[in-house]
There are 2 protein chains.
Amino acid sequence: MFTFSEENYLKAIYHLERDFIKGISTNAIAKKLETKASSVTDMVKKLSEKKLIIYKKYQGVTLTDFGKKTAANIVRKHRLWEVFLVEKLNFSWDEVHDVAEQLEHIKSPKLIQQLDSFLGFPTHDPHGDPIPDKEGNLKIIEKSLLSTLLKNESGICIGVNDSSSEFLQFLDKKGITLGKLITVLEKEDFDDSLLIKIAQQKFSISKKIASNLYIQKQ
Amino acid sequence: MFTFSEENYLKAIYHLERDFIKGISTNAIAKKLETKASSVTDMVKKLSEKKLIIYKKYQGVTLTDFGKKTAANIVRKHRLWEVFLVEKLNFSWDEVHDVAEQLEHIKSPKLIQQLDSFLGFPTHDPHGDPIPDKEGNLKIIEKSLLSTLLKNESGICIGVNDSSSEFLQFLDKKGITLGKLITVLEKEDFDDSLLIKIAQQKFSISKKIASNLYIQKQ
DNA sequence: AATTATATTTAGACAAGACTAAAAATTTAT
DNA sequence: ATAAATTTTTAGTCTTGTCTAAATATAATT
């Protein structure tokens with residue numbers, strides 16, 4: 001098994017690969033983990049020896065299949081714990097990240113298997129991000145930014161782009177939570193704000209908000 | 001906050017103090033943690049600097065009030081997690097220890113508070129050991145070894161002395177679990193075995209078994 | 001293409017935690 | 001009370017993961 005530190009590096013590389021495809025630079029990893037590039041170089045050599053990544057000097061890194069599966073498993077644990085915290089322990093969705101960051105490193109296959117079952121085999125975490133299955137595969141659902149919907153279109157809120165505390169708390173205040181049906185009643189050309197309806201309530205939201213909310217079109 | 005290692009030492013000292021009162025030797029700690037006495041000396045100096053224990057060279061250690069409270073808090077977390085694993089995730093009571101050993105180090109006061117509430121504020125873990133409250137106090141219940149009961153006395157099974165896997169699995173097989181009412185029907189002078197009744201079932205158990213089961217007399 | 005700027009790696013140092021082997025203190029036994 | 005046995009500590013080494021500063025490679029600019 002791997003150390004906490006190794007797991008954190010793996011996870012960072014995994015997330016970066018979802019954004020940039022291949023050849024993740026040591027600098028990018030350093031920035032993500034708030035550490036120094038020299039520390040990354042050290043660790044990257046170790047992960048490479050363990051066959052988790054491909055690393056050639058000055059050319060960045062790429063996860064191997066083994067590395068990808070290992071990283072996905074950590075993300076799986078992270079997101080299952082987030083579901084647990086929100087659904088069972090009444091955490092709000094902006095409080096879960098730091099705790100899940102710790103819980104994801106607990107080693108016990110049975111624990112995760114039972115937790116998964118206890119939670120009813122969820123496919124998405126409280127932020128709408130997909131939970132990898134045991135093989136590391138993600139169930140991708142067709143998602144659109146709320147800002148791309150046209151007048152009179154509607155969809156179900158399935159996730160956020162920006163998951164900062166402030167944003168999540170704002171959504172909570174407005175009663176916008178995962179699973180809620182949102183209908184666009186008006187689009188204001190002037191400032192791109194939207195008038196939306198959610199659970200019989202009508203109010204308007206800014207372009208910025210609408211560009212950070214993922215919707216599954218109905 | 002403290003490192004995993006520091007917490008493990010604290011917990012070991014805490015448990016040793018329940019058995020021996022004061023002046024825990026470095027050797028005793030080393031044996032408990034399966035490490036070397038020299039490593040213990042190093043760590044003990046550190047814990048002493050942090051005011052968690054009193055340490056005088058060659059004279060063993062004693063927990064300070066602060067150390068005691070800190071250690072009790074780790075034990076509290078360990079036992080709450082054990083309850084969670086058994087009650088919610090269907091672990092059997094011989095499988096929980098290693099996982100709880102990891103979970104006890106998760107840092108989040110809210111997590112423990114909510115977990116406690118989610119579990120219905122349990123006072124004892126699945127082995128019958130008391131769960132310290134937030135202040136580190138234990139609720140002590142009057143417990144007797146099953147082997148000390150007289151003929152026709154009965155009591156509720158509240159814990160075990162030996163918590164080895166083999167023993168716990170044996171108990172499971174016989175249907176002896178926490179909360180069950182046990183009545184002593186016969187005591188055999190020859191080998192000190194007992195004929196007991198539990199949930200309408202009658203069978204005999206050896207002296208060894210009876211000396212490892214705690215009972216709350218009715 | 002040469003020079004400057006940026007990114008990456010190397011070399012050497014440090015802290016935490018553990019270990020071995022040797023020294024010192026304490027305890028036990030004669 | 002002294003010698004022998006045991007316990008505890010010290011000194012020095014190792015590994016993991018991090019860092020700074022210096023060196024080297026790559027990329028960008030003119």
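Reminder, nothing fancy here: chain letters follow the sequence lines and each chain counts from 1.
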A.B. asks: What pairs with His78(B) under ring-ring contact (aromatic ring centres under 6.0 Å, His included), at least two apart in sequence or on another chain?
C.D. replies: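 Scan of His78(B) (ring-ring contact (aromatic ring centres under 6.0 Å, His included), adjacent residues dropped) gives His97(B).
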A.B. asks: How close or far is atom P of dT18(D) from atom CD1 of Ile29(A), stated in whole angstroms?
C.D. replies: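 Nearest whole value for this atom pair: 12 Å.
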A.B. asks: Would you mind telling me which residue lines up with the more 5' stretch of DNA chain D, Gln59(A) or Thr35(A), judged by nearest nucleotide?
C.D. replies: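 Final value for this comparison: Thr35(A).
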A.B. asks: Using the side chain to side chain contact (heavy atoms under 4.5 Å, CB included) criterion, which residues pair with Glu142(B)? Sequence neighbours excluded.
C.D. replies: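 Scan of Glu142(B) (side chain to side chain contact (heavy atoms under 4.5 Å, CB included), adjacent residues dropped) gives none.
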A.B. asks: Please list all pairs meeting salt bridge (charged side-chain N to carboxylate O under 4.0 Å, His left out) that have one or both residues in residues 35-44 of chain B, counting only residues at least two apart or in different chains.
C.D. replies: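 Qualifying pairs, neighbours excluded: none.
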A.B. asks: Which of residues 5-14 of chain A have a heavy atom under 4.0 Å from DNA chain C?
C.D. replies: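 Heavy-atom cutoff 4.0 Å gives no residues at all.
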A.B. asks: When you measure from the side-chain N and O atoms of Lys57(B) to the phosphate of dT10(D), is any distance below 4.0 Å, counting only OP1 and OP2?
C.D. replies: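 Lys57(B) to dT10(D) OP1/OP2: side-chain N or O found under 4.0 Å.
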A.B. asks: Please confirm whether the shortest side-chain N or O distance from Lys45(B) to OP1 or OP2 of dT9(D) is below 4.0 Å.
C.D. replies: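 Checking dT9(D) against Lys45(B), no side-chain N or O comes under 4.0 Å of OP1 or OP2.
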A.B. asks: In whole Å, I'd like the distance from the CZ atom of Phe2(B) to the P atom of dA16(C).
C.D. replies: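 About 14 Å, once rounded to whole Å.
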A.B. asks: Whole Å only: how far is the CE atom of Met43(A) from the P atom of dT10(C)?
C.D. replies: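 So the two atoms are 16 Å apart, to the nearest Å.
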A.B. asks: Take atom CD1 of Ile24(B) and atom P of dT7(D), then tell me their distance rounded to the nearest Å.
C.D. replies: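 Rounded to whole Å, this separation is 16 Å.
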A.B. asks: What pairs with Lys107(B) under salt bridge (charged side-chain N to carboxylate O under 4.0 Å, His left out), at least two apart in sequence or on another chain?
C.D. replies: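 Lys107(B): salt bridge (charged side-chain N to carboxylate O under 4.0 Å, His left out) contacts with Glu7(B).
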A.B. asks: How would you list, by chain and number, every residue that makes a side chain to side chain contact (heavy atoms under 4.5 Å, CB included) with Leu111(A), sequence neighbours excluded?
C.D. replies: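 Per chain and number, Leu111(A) pairs via side chain to side chain contact (heavy atoms under 4.5 Å, CB included) with Trp81(A), Ile106(A), Ser108(A), Leu85(B), Leu89(B), Phe91(B), Val99(B).
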A.B. asks: Considering only heavy atoms, which members of residues 68-75 of chain A lie under 4.0 Å from some atom of DNA chain C?
C.D. replies: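 Within this stretch, nothing sits under 4.0 Å of the strand.
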A.B. asks: Under 4.0 angstrom, heavy atoms only, what part of the nucleic acid is Tyr55(A) near: base, sugar-phosphate, or nothing?
C.D. replies: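 Contact class for Tyr55(A): sugar-phosphate only.
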A.B. asks: Applying salt bridge (charged side-chain N to carboxylate O under 4.0 Å, His left out), which residue pairs with at least one partner in residues 109-119 of chain B are found, sequence neighbours left out?
C.D. replies: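 Only Glu95(A)-Lys110(B), Arg76(B)-Asp116(B) qualify under salt bridge (charged side-chain N to carboxylate O under 4.0 Å, His left out).
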A.B. asks: Using the side chain to side chain contact (heavy atoms under 4.5 Å, CB included) criterion, which residues pair with Thr70(A)? Sequence neighbours excluded.
C.D. replies: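 Side chain to side chain contact (heavy atoms under 4.5 Å, CB included) list for Thr70(A), sorted by chain: Phe2(A), Leu10(A), Leu52(A), Phe66(A).
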A.B. asks: Check the distance between dT16(D)'s P and Leu47(A)'s CG and give it to me in whole angstrom.
C.D. replies: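 In whole Å, dT16(D) P lies 13 Å from Leu47(A) CG.
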A.B. asks: Quick one: Asp42(B) CG to dA11(D) C1', roughly how many Å, whole number?
C.D. replies: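 After rounding, the gap between these two atoms is 10 Å.
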A.B. asks: Does the distance from a Lys or Arg side-chain N to an Asp or Glu carboxylate O, for Lys50(B) and Glu6(B), drop under 4.0 Å?
C.D. replies: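 Answer for the salt bridge query: yes.
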A.B. asks: Are any protein N/O atoms closer than 3.5 Å to N/O atoms in nucleotides 20-25 of chain D? If there are, list each pair with its distance.
C.D. replies:
residue: dT20(D); atom: OP2; partner: Lys36(A); partner atom: NZ; Å: 3.2
residue: dT20(D); atom: O4; partner: Ser38(A); partner atom: OG; Å: 3.2
residue: dA25(D); atom: O4'; partner: Tyr58(A); partner atom: OH; Å: 3.4

A.B. asks: Remember a base hit wins even if backbone is also touched, and classify Asn27(B) as base, sugar-phosphate or nothing at under 4.0 Å, heavy atoms.
C.D. replies: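 It contacts sugar-phosphate atoms only.
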A.B. asks: Among all residues two or more places apart in sequence or in another chain, which pass the side chain to side chain contact (heavy atoms under 4.5 Å, CB included) test with Leu145(A)?
C.D. replies: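 By the side chain to side chain contact (heavy atoms under 4.5 Å, CB included) rule, Leu145(A) matches Ser147(A), Thr148(A), Tyr214(A).
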A.B. asks: Among residues two or more places apart or on two chains, list those pairs meeting salt bridge (charged side-chain N to carboxylate O under 4.0 Å, His left out) that have a residue in residues 161-174 of chain B.
C.D. replies: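 As it turns out, there is no salt bridge (charged side-chain N to carboxylate O under 4.0 Å, His left out) pair with a partner in residues 161-174 of chain B once direct neighbours are skipped.
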A.B. asks: Hey, can you tell me if Phe84(B) and Phe118(B) have their rings parallel, tilted or perpendicular (30° and 60° cut-offs)?
C.D. replies: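 Aromatic pair Phe84(B)/Phe118(B) classed tilted.
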